[in-house]
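Excluded from the calculations below are hydrogen atoms, water molecules and symmetry mates; all remaining heavy atoms, backbone and side chain alike, are included.
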Amino acid sequence: MNTLITSLGGKLAERWLAGLVLPGVVFVAVGVMAVRLGHSHWSDMELLGQELNRFATGPLTRDNGSVLLVALGVVLSSVVATETARSLERLVVVVWTQDWGRLGGALTRRRRRRWDAAMDTYETALRDKARRLRSPDPQTGPLPDIQALARACDRIALTEPARPTWIGDRMLAAAVRVQACYDLDLASAWPRLWLLLPEEARGPLVLAQSDFAGAARRVGWGVLYVLVGLIWWPAAIIGLGLCVVGWRQGRGTVCVLADLVEAVVDLHVGALGTALGHTPNGTFTTADGQAVTHLLRKGF
């Protein structure tokens, strides 16, 4: 037991150091550089070196208590910066996944018009290709690239857009596809499905959720660096880079997360019905989905 506790404590310390202290310390260091250099001396490393030497030979470094206070100040500043980044992470997730009210409605309608136009092009090309393949007379010219047109639709959204962002629609598409396939309300079913999952099945979901949150947190750090860029412009470049990287990672991780959610439904929806007292007769059908949804909603 002592070995287990020691090992667990070591892992927690490593996670705390890597996830909390180090990003915050780097941010605090960049903030100090920004204050000392400013826009006018943004690349003056000689000035920065002089400031560091002045601090290293100053009175604060000659007293152990002062050194401890400085170190404590750095750690506390790092913790504050990290907690701010985590708060921004939650805000970024809301921006990525929610509807934004009236502003979101305008953006959603714009995305829906683009998706409708892409779908019309895809369906027209599909009918044209089918007509030309059935025609007894040989047709000149290449056939429409149906796969490319389908990918163009998917780049806008997998299903009809209902959110102002692609990431929000990608998560929502999982519920739409489950509803279309099984007539099952995913929002009601998911908490029960989670309780039925074995531990080994939960692992990939937890990891995907963690990766998605990490991408949003990276954007949060990017916003903080952009704010520092108001007094030292190179920090804004760093911040914009972090925002772009976080956004791209968010798009990638949400695909993995949504696919895993659908996979869980496909593999365990029968067990959910059985656990609720509705055992499917073979393949889980839309009639089973309606019955399970009725049970989940307590008849409402």
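Judged purely by atom type and a 3.5 angstrom limit, W166 uses its side chain to pair as donor or acceptor with the backbone of D154. Although no hydrogens or angles enter the test, the distance criterion places a donor-acceptor pair under 3.5 Å between the side chain of T274 and the main chain of G270. At least one donor-acceptor pair under 3.5 Å links the side chain of T293 to the backbone N or O of D185. Formation of a donor-acceptor pair under 3.5 Å by the H268 side chain with backbone atoms of A263 is not found in this model. Judged purely by atom type and a 3.5 angstrom limit, D99 has no side-chain atom pairing as donor or acceptor with the backbone of G104. For the pair R163 (side chain) and T97 (backbone), a donor-acceptor distance under 3.5 Å is present. With hydrogens and angles ignored, the 3.5 Å screen pairs no side-chain donor or acceptor of W232 with any backbone N or O of G31.
The structure places CD of Q147 at 9.0 Å from OH of Y122, a figure rounded to the nearest 0.5 Å. Interatomic distance, OG1 of T108 versus CZ of R113, reported as 10.5 Å (0.5 Å rounding). Going from atom CZ of R217 over to atom CZ of R90 covers 10.0 Å, rounded to the nearest 0.5 Å. W221 CH2 to L242 CG: the interatomic distance, rounded to the nearest 0.5 Å, is 10.0 Å. To the nearest 0.5 Å, atoms SG (C153) and CG (D116) are separated by 9.5 Å. To the nearest 0.5 Å, the span separating CD1 on I167 from SG on C255 amounts to 8.5 Å.
Under the rule for a side chain to side chain contact (heavy atoms under 4.5 Å, CB included), the partners of Q290 that lie at least two apart in sequence or sit in another chain are D183. Qualifying side chain to side chain contact (heavy atoms under 4.5 Å, CB included) partners for L276, counting only residues two or more places apart in sequence or in other chains: L272, V292, L295, L296.
Between T165 and W247 the shortest side-chain heavy-atom distance does not fall below 4.5 Å. Looking at heavy atoms from C-beta onward, P161 lies out of side-chain contact with R114 at the 4.5 angstrom threshold. Inter-residue side-chain proximity for R131 and D128 is flagged as met; some heavy-atom pair is nearer than 4.5 Å. Two residues are said to be in side-chain contact when any heavy atoms from C-beta on lie closer than 4.5 Å; D169 and T159 fail this criterion. Between Q209 and L257, the closest side-chain pair of non-hydrogen atoms falls below 4.5 Å. By the 4.5 Å heavy-atom criterion applied to side chains, R251 and R248 are not counted as neighbours.
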Verdict with reasoning, R86 to E83, per salt bridge (Lys or Arg N to Asp or Glu O under 4.0 Å): CA-CA 5 Å; R86 288 183 173 179; E83 290 304 316; 3.6 Å; yes
Test log, rule side chain to side chain contact (heavy atoms under 4.5 Å, CB included), inputs V178 and V269: CA-CA 10 Å; V178 167; V269 68; over 6 Å; no
Working for side chain to side chain contact (heavy atoms under 4.5 Å, CB included), residues L158 and V176: CA-CA 10 Å; L158 290 187; V176 173; over 6 Å; no
Residue pair V228, F27: steps toward the side chain to side chain contact (heavy atoms under 4.5 Å, CB included) verdict: CA-CA 9 Å; V228 175; F27 178 78; 3.6 Å; yes
CA sep, side-chain torsions, deciding dist, call: D211, Q249, side chain to side chain contact (heavy atoms under 4.5 Å, CB included): CA-CA 8 Å; D211 290 342; Q249 289 181 341; over 6 Å; no
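In the hydrophobic clustering of ILVMFWY residues, with side-chain heavy atoms under 4.5 Å counting as a link, V92 and V94 come out apart. In the hydrophobic clustering of this structure, V80 does not group with V35; members are Ile, Leu, Val, Met, Phe, Trp, Tyr whose side-chain heavy atoms approach within less than 4.5 Å, directly or through other members. Using a 4.5 Å cut-off between side-chain heavy atoms of Ile, Leu, Val, Met, Phe, Trp and Tyr, with links allowed through other members, V93 and V206 fall into the same hydrophobic cluster. Hydrophobic cluster membership differs between M171 and W115, with clusters built from Ile, Leu, Val, Met, Phe, Trp and Tyr side chains linked at under 4.5 angstrom. In the hydrophobic cluster analysis, where Ile, Leu, Val, Met, Phe, Trp and Tyr join through side-chain heavy atoms closer than 4.5 angstrom, V223 is grouped together with L91.
For R111 against P164, the heavy-atom pair with the smallest separation is CD-O, 3.2 Å. Shortest non-hydrogen contact noted between A162 and L172 is CB-CD2, 3.5 Å. E262 and A174 make their closest contact through OE2-CA, 3.7 Å (heavy atoms, listed as atom of the first residue, atom of the second, distance). Closest of all the heavy-atom pairs between I156 and A118 is CD1-CB, 4.0 Å. Nearest heavy atoms, L260 versus P204: CD1-O, 3.5 Å. Residues L88 and G220 come closest through the heavy atom pair CD1-O, 3.4 Å.
Figure legend: cation-pi geometry between R202 and W194, with NZ or CZ positioned under 6.0 Å from the six-membered ring centre and within 45° of its axis.
The aromatic rings of Y182 and F284 stand perpendicular to each other, their planes meeting at an angle above 60°, with 30° marking the opposite boundary. Ring pair W96/F212 is tilted by interplanar angle, where 30° to 60° counts as tilted.
Contact check on R170 versus D259 returns a salt bridge, with a Lys/Arg side-chain nitrogen under 4.0 Å from an Asp/Glu carboxylate oxygen.
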